[in-house]
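Read through the structure below, which is laid out as structure tokens, and then see the notes.
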Amino acid sequence: MLEAFLVKWGYQVVAAADGLEALKILEGADAPSLAVLDWMMRGLEGPQVCQRVRELSDQPYVYILLLTARSQRADLLSGLRSGADDYLTKPFDAQELRTRLHVGQRILDLQNSLIAAREELRFRATYDMLTGLANRGVVLDAIAREHSRHLREKSSFGIILMDLDHFKNVNDTHGHLAGDAVLKEASRRMKSCVRPYDTVGRYGGEEFLVVAPSCDRAGTAAVAERIRKSISAP
């Protein structure tokens with residue numbers, strides 16, 4: 001009956017036969033973001049599933065509605081302490097359930113908006129907004145980190161400082177929008193020439209830094225030459 005209501009309301013339903021199967025679903029990579037759990041289930045009861053789900057700190061948040069015939073205040077508090085977000089007694093009113101699920105969805109949407117805003121702030125704090133490269137602070141931190149590793153492990157690393165020749169002429173002749181386009185394209189070519197774990201950053205203006213871990217003098221020179229050829233190509 002519950003599944004029929006949820007499908008009618010437009011939800012994509014993943015049904016579980018018992019508590020163990022419910023936990024397995026909620027531990028999965030594509031776990032539902034909304035869960036309606038019965039209190040009494042074979043294998044694991046609803047509150048036990050709640051507790052196990054809340055221990056998964058690396059998983060996206062799951063909004064859990066606990067459904068039960070228990071109506072005592074102590075049961076309500078116990079269910080919420082187990083990690084449930086909401087509680088509905090049986091027999092449930094369909095419209096009340098639908099409203100409570102809408103509340104859960106609004107909370108999840110708000111959480112997703114906050115996460116997106118946090119990631120945007122993190123990106124703005126660590127990346128150059130024009131080129132998408134690491135900013136000055138991040139690339140200098142990378143140098144400090146590799147230098148500490150060098151002192152600790154006697155490993156080598158490379159630093160490449162680059163400057164775009166005659167860049168001022170581009171701005172003066174064609175305007176700053178053209179200059180921005182040149183910086184973006186140069187950055188794209190730099191990124192294409194380095195390893196995934198190298199750090200490419202904008203040092204300032206038309207100056208760039210590359211930090212290449214575990215790279216000796218010859219290897220660093222080879223990376224620099226590869227970048228130079230890529231930027232000078234038509």
Where at least one partner belongs to residues 187-196, residue pairs that pass salt bridge (charged side-chain N to carboxylate O under 4.0 Å, His left out), sequence neighbours excluded
E185-R188, E185-R189, R195-D198
Could you give all pairs that pass the salt bridge (charged side-chain N to carboxylate O under 4.0 Å, His left out) test and reach residues 128-143, with sequence neighbours left out?
D128-R202
Do other residues, nucleotides or ligands put more than 12 heavy atoms under 6.0 Å from the [atom1] atom of [X]?
X	atom1	answer
L151	CG	yes
K90	NZ	yes
E119	CD	yes

Test item: [X] side-chain N/O and [Y] main-chain N/O as donor-acceptor pair under 3.5 Å:
X	Y	answer
S232	K229	yes
R226	V194	no
R42	D18	no
H150	S156	no

Would a hydrophobic clustering, with Ile, Leu, Val, Met, Phe, Trp and Tyr connected at side-chain separations under 4.5 Å, put [X] with [Y]?
X	Y	value
L209	L183	no
L65	Y61	yes
Y11	V103	yes
V62	L2	no
L130	V200	yes

Identify the two heavy atoms, one from [X] and one from [Y], that lie closest to each other, and give their separation to 0.1 Å.
X	Y	result
D38	M41	O-CE, 3.5 Å
A186	L164	CB-CD1, 4.0 Å
S187	F208	OG-CE2, 3.6 Å
Y87	T68	OH-CG2, 3.1 Å
R149	P213	NH1-CB, 4.5 Å
S192	S230	OG-OG, 4.4 Å

Straight-line distance of [X] [atom1] to [Y] [atom2], nearest 0.5 Å:
X	Y	atom1	atom2	answer
Q51	E45	CD	CD	10.5 Å
N135	R124	CG	CZ	12.5 Å
L88	E96	CG	CD	5.0 Å
L23	Q48	CG	CD	10.0 Å
D165	D163	CG	CG	6.0 Å
L26	S33	CG	OG	10.5 Å

Just one of L37, D86, L34, V36 clears the side-chain contact (heavy atoms from CB on, under 4.5 Å) bar with I64, so which one?
L37
Kindly assign one of parallel, tilted or perpendicular to the pair W9 and F5, based on the angle between their ring planes and the thresholds 30° and 60°.
parallel
Considering only heavy atoms from C-beta outward, does the side chain of R98 approach that of Q95 to under 4.5 Å?
yes
Please step through side-chain contact (heavy atoms from CB on, under 4.5 Å) for the pair M190 and V210, ending with a clear verdict.
CA-CA 9 Å; M190 291 176 200; V210 174; 5.6 Å; no
Salt bridge or not between E27 and K24? Use side-chain N to carboxylate O under 4.0 Å.
no
Audit row: I107, D85, side-chain contact (heavy atoms from CB on, under 4.5 Å) steps and yes/no:
CA-CA 10 Å; I107 291 174; D85 296 286; over 6 Å; no
Assess whether side-chain contact (heavy atoms from CB on, under 4.5 Å) is satisfied between T220 and F157, documenting all intermediate values.
CA-CA 8 Å; T220 303; F157 72 100; over 6 Å; no
Given side-chain contact (heavy atoms from CB on, under 4.5 Å), test S78 with W39 step by step and report yes or no.
CA-CA 11 Å; S78 176; W39 186 301; 4.2 Å; yes
